[in-house]
K.L.:
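Encoded as structure tokens, here's the structure I'll be asking about.
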Amino acid sequence: MFDKILIANRGEIALRIHRACKEMGIATVAVHSEVDEGAMHVRLADESVCIGPAPATKSYLNIPAIIAACEITGAQAVHPGYGFLSENARFAEIVEAHGYTFIGPKPEHIRMMGDKIAAKAAAVRVGIPVVPGSEGAVCSEAEALAAAREIGFPVLVKAAAGGGGRGMKVAASPADLPEAYATARSEARAAFGDATVYLERYLARPRHIEVQVIADSFGGVRHLGERDCSLQRRHQKLMEEAPSPAIGPAERASIGETVAKAIGALGYLGVGTIEFLYENGEFFFIEMNTRLQVEHPVTEAITGIDLVREQIRIAAGLPLSFRQDEVVFEGHAIECRINAENPRTFAPSPGLVTDFHAPGGLGVRLDSALYAGYTIPPYYDNLVGKLIVNGRDRVECIARLRRCLAEMVVGGVETTIPLFQDLTSEPDILEGRYHIHWLEDWLKASR
């Protein structure tokens with residue numbers, strides 16, 4: 001087992017990893033930008049190293065500085081968390097080339113799944129159902145139109161190197177396709193440095209269902225059920241729950257077994273998430289995330305399995321600590337992403353946190369790096385906390401969530417707490433009748 005791990009991230013996920021390390025008796029190294037010197041992940045770590053100025057390109061994405069921090073502190077492994085360098089195959093290769101262990105998948109799998117076209121081809125090879133679409137990239141407007149006619153309108157033009165909803169445009173008819181094609185390519189080039197796009201059938205009202213998997217170096221593969229991530233705005237998840245109110249035990253077992261078998265065939269290592277669109281009883285693969293997900297706590301809540309601990313164990317060459325038949329799904333869990341932004345316009349709201357009170361009680365978890373007196377910087381993602389609650393069933397879980405949202409205080413900045421208070425009173429949410437377009441439709445109607 002490792003003696004010291006460097007955490008190449010910030011905020012709540014850096015704290016999450018730090019806590020798992022401390023419970024395992026492992027020392028931690030925090031890296032930070034100049035503006036994050038007083039951040040909670042820096043204050044709690046055993047050691048810390050400043051790796052550059054505030055902009056992420058000069059600090060949290062600064063690979064030479066992170067490697068230097070490993071050398072200075074004697075860290076043996078690097079945990080990338082999510083975001084930043086977590087899905088950068090080159091970073092994983094550099095970490096390993098310098099004699100450190102990358103706590104994550106093999107670089108070839110990161111690279112494969114980072115290319116949506118290659119990921120879809122891999123899914124087909126290993127028997128995962130996919131959304132009907134073009135056979136690879138479409139390299140011209142004419143080629144896109146021909147593919148769209150074969151698939152059938154409406155279609156979704158998607159960036160091959162995309163993520164987070166960028167480089168994705170809907171064309172409802174042939175007349176819409178030229179603009180959708182040009183805009184998706186332009187966004188993809190600006191966001192990812194790669195203008196490659198492909199086409200998929202646009203599903204009208206699907207749910208976004210993802211399956212958590214984990215694999216060790218001994219051929220052990222487990223699935224930990226599904227999460228429902230359908231409440232989204234501009235393809236960004238806001239609230240997640242497990243299990244999905246739309247999936248029954250038989251479907252859960254079937255898709256879990258399919259995914260676990262496929263991951264084993266790929267020779268995958270570590271944690272990963274297979275994301276699907278689900279409509280009319282059918283699952284369609286859309287992508288695989290080769291990292292820890294923001295929403296991983298809801299899976300931990302209903303299984304009792306510490307995913308970060310398992311990540312570290314696998315990276316250290318140990319087998320998974322549980323069998324598939326030991327995975328038991330108990331109760332229900334919901335996570336709300338608390339962002340520092342206006343709850344209606346979603347404009348960022350960085351600044352000084354004047355007051356902070358965390359909710360508590362049975363079945364309550366708050367993953368956050370906030371404290372009274374902390375200044376939220378304007379340079380990074382607006383996510384400042386994740387409120388996770390679980391109960392014996394979905395009704396109890398929602399009641400507990402309402403109570404926690406009323407109890408939570410973040411003063412001095414705007415947050416999305418009022419949004420979630422409204423959502424947890426909506427009949428469609430209470431009854432689990434929602435899809436990936438539901439939230440945007442509701443926001444438009446409530447203006």
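Numbering starts at 1 and runs along the sequence shown.
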K.L.:
Looking only at side-chain N and O atoms, does Glu251 offer a donor or acceptor that is under 3.5 Å from a partner on Tyr278?
P.N.:
yes
K.L.:
Classify the ring geometry of Phe102 against Phe91: parallel below 30°, tilted from 30° to 60°, perpendicular beyond 60°.
P.N.:
perpendicular
K.L.:
Can a donor-acceptor pair be found, under 3.5 Å and without considering hydrogens, that links the side chain of His79 to the backbone of Leu6?
P.N.:
no
K.L.:
Find the distance between CZ (Arg365) and NZ (Lys386) and round it off to the nearest 0.5 Å.
P.N.:
7.0 Å
K.L.:
Between Glu282 and Asn280, do the side chains contain a donor N or O and an acceptor N or O under 3.5 Å apart?
P.N.:
no
K.L.:
Without swapping roles, check the side chain of Gln311 against the backbone of Gly104 for a donor-acceptor pair under 3.5 Å.
P.N.:
no
K.L.:
Could you work out, with side-chain hydrogen bond (donor to acceptor under 3.5 Å, both in side chains) as the rule, every residue matching Tyr60, not counting sequence neighbours?
P.N.:
Asp36
K.L.:
Checking the side chain of Asp216 only, and the main-chain atoms of Gly219 only, is there a donor and an acceptor separated by less than 3.5 Å?
P.N.:
yes
K.L.:
Classify the angle between the aromatic ring planes of Phe276 and Phe283 as parallel (below 30°), tilted (30 to 60°) or perpendicular (above 60°).
P.N.:
perpendicular
K.L.:
Between CG of Leu405 and CD1 of Ile338, what distance do you get to the nearest 0.5 Å?
P.N.:
6.0 Å
K.L.:
Counting only heavy atoms not in Arg392 (residues, nucleotides, ligands), do more than 12 fall under 6.0 Å from its CZ?
P.N.:
no
K.L.:
Donor-acceptor pair, Glu200 side chain versus Pro132 backbone, under 3.5 Å?
P.N.:
no
K.L.:
Sub-3.5 Å donor-acceptor pair from the side chain of His98 to the main-chain atoms of Tyr100, do we have one?
P.N.:
no
K.L.:
Identify whether the distance between the nearest side-chain nitrogen and carboxylate oxygen of Arg185 and Asp194 falls below 4.0 Å.
P.N.:
no
K.L.:
May I ask you to check whether over 12 heavy atoms, not counting those of Glu326, lie within 6.0 Å of atom CD?
P.N.:
yes
K.L.:
For the ring pair His208 and Phe284, is the centre-to-centre distance below 6.0 Å?
P.N.:
no
K.L.:
With side chain to side chain contact (heavy atoms under 4.5 Å, CB included) as the criterion, how do His41 and Arg10 come out once you've worked through the C-alpha distance, each side chain's angles and the decisive distance to 0.1 Å?
P.N.:
CA-CA 7 Å; His41 77 283; Arg10 65 180 300 278; 3.8 Å; yes
K.L.:
Run the salt-bridge test on Arg207 and Glu279 with the 4.0 Å N-O cut-off and return the result as yes or no.
P.N.:
no
K.L.:
Would you check if the side chain of Asp367 reaches a backbone N or O of Glu12 as a donor-acceptor pair within less than 3.5 Å?
P.N.:
no
